[in-house]
*Asks:* 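Let me begin by handing over the structure; questions about it come next.
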Amino acid sequence: MSDAKYEAIKKVSIVVSKGSLEGVYPGLIMANGARMEGIEANLFFTFFGLEAIIKKRMNKLKVATVGNPAMHIPSLLGIIPGMSAFATSKMMKEMDKLDIPPLGEFIEMVFDAGTKLYACKATVDMFHLSMDDFCEQTDSIINVGKFYEIAAGGQIIFT
Amino acid sequence: MPSKTFAGKTVEVDNEGFLVNHDDWTEEMAPEIAKEEGIDNLTEGHWNVIRFIRKDYQKTGQIPTIRRMKNAGGIPTNELYELFPQGPAKKSAKIAGFGKPQGCV
């Protein structure tokens with residue numbers, strides 16, 4: 001039950017800016033969790049975060065094994081071919097036990113839950129992408145001004 | 001521990017009104033719990049979800065997640081949100097006589 005002292009959060013707009021598995025999942029879990037609580041949710045994918053909604057790439061996201069001290073793998077070992085794939089598959093198995101789905105299914109789930117998904121225009125232009133590159137759940141390509149318009153009246157979370 | 005009476009039966013509930021013992025639940029109680037959650041009429045769609053939760057708990061010892069309701073129960077996620085607006089997992093669990101779901105998804 002929410003603390004009566006504070007007004008409940010009604011709306012969140014979450015920016016996903018990273019394209020690694022661990023960069024994308026927290027934003028999706030937060031958006032999905034918001035919908036589960038009846039909170040309106042938007043997801044705005046920008047820079048490498050766009051990988052999460054690019055049809056050809058979305059199911060190939062990997063955990064970063066280099067430059068990630070919390071992995072407890074020395075960076076020199078992290079560069080070994082297959083290390084990232086190995087770490088990703090281990091993590092996916094653990095997530096599956098918690099019923100956290102693979103990315104494609106997760107995107108479908110947050111969409112079916114009523115989350116709106118947007119692609120960042122600047123990144124789309126920079127990477128020479130178009131609407132055809134994105135999964136069907138993508139609402140539209142929007143610029144940052146439009147993002148603020150859509151996010152109006154709610155909280156913005158940057159991941 | 002607070003208690004509440006649904007369909008003439010007084011049962012223990014937690015601070016948020018979730019049943020403490022899911023074995024206390026009877027089908028007759030569901031419409032009254034649903035009313036408290038703002039659902040005035042339990043349709044066949046609602047019952048399909050409630051029965052799946054009860055059945056799946058018997059099988060796994062856990063209440064199903066939204067994903068499991070879709071994959072194992074054949075309940076589309078968008079339909080679940082339409083049936084139980086503003087909190088499908090919580091509301092369906094409550095009406096089916098279980099405690100508040102503790103998972104993040």
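Naming convention: chains lettered A, B, ... in sequence-line order (proteins, then strands); numbering from 1 in each chain.
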*Asks:* Would you say that more than 12 heavy atoms from the other residues, nucleotides or ligands in this model lie under 6.0 Å from the NZ of A:Lys116, or not?
*Replies:* no
*Asks:* For the residue pair A:Met36 and B:Pro88, what are the closest heavy atoms and their distance?
*Replies:* O-CD, 3.9 Å
*Asks:* Distance from B:Arg67 atom CZ to A:Asn32 atom CG, nearest 0.5 Å?
*Replies:* 11.5 Å
*Asks:* Should A:Leu117 and A:Leu21 be regarded as members of a common hydrophobic cluster, given that ILVMFWY residues are connected when their side-chain heavy atoms come within less than 4.5 Å of each other, either directly or indirectly?
*Replies:* yes
*Asks:* Does any heavy atom of chain A fall under 4.5 Å from the side chain of B:Lys91, the backbone, both, or neither of them?
*Replies:* neither
*Asks:* Check the hydrophobic clustering (I, L, V, M, F, W, Y; side-chain heavy atoms under 4.5 Å; chains of links allowed) and say if B:Ile95 and B:Tyr81 are grouped together.
*Replies:* yes
*Asks:* For the candidates A:Asp99, A:Ile100, A:Asp112, which exhibits the highest count of non-hydrogen atom pairs separated by less than 4.5 Å from chain B?
*Replies:* A:Asp99
*Asks:* Contact part of B:Leu80 toward chain A, heavy-atom cut-off under 4.5 Å: side chain, backbone, both or neither?
*Replies:* neither
*Asks:* May I ask whether A:Val24 and A:Leu50 are part of the same hydrophobic cluster, defined by side-chain heavy atoms of I, L, V, M, F, W, Y residues being less than 4.5 angstrom apart, directly or through others?
*Replies:* yes
*Asks:* Atom OG1 of B:Thr77 and atom CZ of A:Phe111: how far apart are they, to the nearest 0.5 Å?
*Replies:* 11.5 Å
*Asks:* With sequence neighbours left out, which residue pairs that include part of residues 52-68 of chain A fulfil the side chain to side chain donor-acceptor pair (under 3.5 Å) condition?
*Replies:* A:Glu51-A:Arg57
*Asks:* Please determine, among A:Met109, A:Arg35, A:Glu108, the option with the most heavy-atom pairs under 4.5 Å with chain B.
*Replies:* A:Arg35
*Asks:* Do A:Phe134 and A:Ile142 share a hydrophobic cluster (ILVMFWY, side-chain heavy atoms under 4.5 Å, transitive)?
*Replies:* no
